[in-house]
Amino acid sequence: METYFDWYDAEHPTTGGKLRSECKRFIDRFGHRHIDKVKPKEVEDWKTERLSDDEAAPETVGKEIRRLKTAFKRGIELEVLDFNPVAKVKAPRGVRDVAVEFYSVEDLTALYEANPARAAIWRFMANTGIRRGEFAKACKADVAEYGKEKRIRIESLSPRIRTKSGKRREVPLNASALSALAELPNKFVKCHADTLSDWFTEDAEAAKIGGTLHRLRHTFCAHLAMAGVPLRRIQKFAGHADYKTTEMYAHLCPTGGMSEVQKINL
């Protein structure tokens, strides 16, 4: 696992800590054992305990299992391992059957009015889909002009700002994002990403809309889909490494609704 962690840190420098935390409980349980002595049934029992005794969410346990599968599979590909004890273990039921929750325009209006001092932060994030860690490191120097159009550049190689997928992307700034940008200082915020989440929780509760800061990203993608923007373009704007992530919004696309189904007569 340490070999895999080192490789992952080099390839995905922003999420190495998250990987370790997701693998920690498995290593605590089986780390002292020879890997070829760990039986799939034991891993299944561990999964069951995570769900029942630890009361971990199915999505959380599913992520842990997928992380481990990927790590051990890579070990086999590199001929470091010859056995994957997680290969036959399935993620908990319903892990991928999660509804995408997003805010309406009315919800966002209530959010902005709940705390006008922070409204520009939430407006900019909702209209660009920028991640909290990216926003916490961003500044106005990251805004590029292309004629009359402005875009926020989110670089993958800069030591100051990194993306989760490791890929560079640019997101056009609409009128609302430009209005918010004008209210933001040169360095957008001088705080940790976790502090941004805490601020959002306070303002969302005050606005009585609930949810977490990440829901602003869902909101950005969902409203693009409803506006008819192709999913591949949404993937590029959001910086999704896996197209399956973007497909969560497919049902919101206007071209995939009842009007299209009515065109066929089988």
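With sequence neighbours left out, Glu247 forms a side chain to side chain contact (heavy atoms under 4.5 Å, CB included) with Tyr243, Lys244. Contacts of His192 classified as ring pair (Phe, Tyr, Trp, His ring centres under 6.0 Å), with partners at least two apart in sequence or in another chain: none. Residues meeting the side chain to side chain donor-acceptor pair (under 3.5 Å) test with Arg74, sequence neighbours left out: none. Every residue was checked against the side chain to side chain donor-acceptor pair (under 3.5 Å) condition with Ser21, not counting sequence neighbours, and none meets it. Partners of Asp28 by side chain to side chain donor-acceptor pair (under 3.5 Å), not counting sequence neighbours, listed by chain and number: Lys24. Residues satisfying the salt bridge (charged side-chain N to carboxylate O under 4.0 Å, His left out) criterion with Glu202, sequence neighbours excluded, are Arg118. Residues passing the side chain to side chain contact (heavy atoms under 4.5 Å, CB included) test with Asp107, sequence neighbours excluded: Tyr103, Ser104, Ile209. Taking the side chain to side chain contact (heavy atoms under 4.5 Å, CB included) definition, one finds that Ala193 meets it with Arg132, Ala136, sequence neighbours left out. Partners of Phe102 by ring pair (Phe, Tyr, Trp, His ring centres under 6.0 Å), not counting sequence neighbours, listed by chain and number: His223. Under the rule for a side chain to side chain contact (heavy atoms under 4.5 Å, CB included), the partners of Asp36 that lie at least two apart in sequence or sit in another chain are His34, Phe83. In terms of the side chain to side chain donor-acceptor pair (under 3.5 Å) criterion, residue partners of Lys41 (sequence neighbours excluded) are, by chain and number, Asp45.
Glu44 and Lys47 are joined by a salt bridge, as a carboxylate oxygen and a charged side-chain nitrogen come within less than 4.0 angstrom of each other. Lys63 and Glu22 are not joined by a salt bridge, as no carboxylate oxygen comes within less than 4.0 angstrom of a charged side-chain nitrogen.
Every pair passing salt bridge (charged side-chain N to carboxylate O under 4.0 Å, His left out) that includes a residue from residues 214-235 is listed here, sequence neighbours excluded: Glu101-Arg215.
Of all heavy-atom pairs spanning Cys23 and Phe5, the tightest one is CB-CZ, 4.1 Å.
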Given Glu113 and Lys208, is the salt bridge (charged side-chain N to carboxylate O under 4.0 Å, His left out) satisfied, shown in steps?
CA-CA 11 Å; Glu113 292 176 349; Lys208 299 181 179 179; over 6 Å; no
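Taking the six-membered ring for Trp and the full ring otherwise, the centers of Trp122 and Tyr112 sit at least 6.0 Å from each other.
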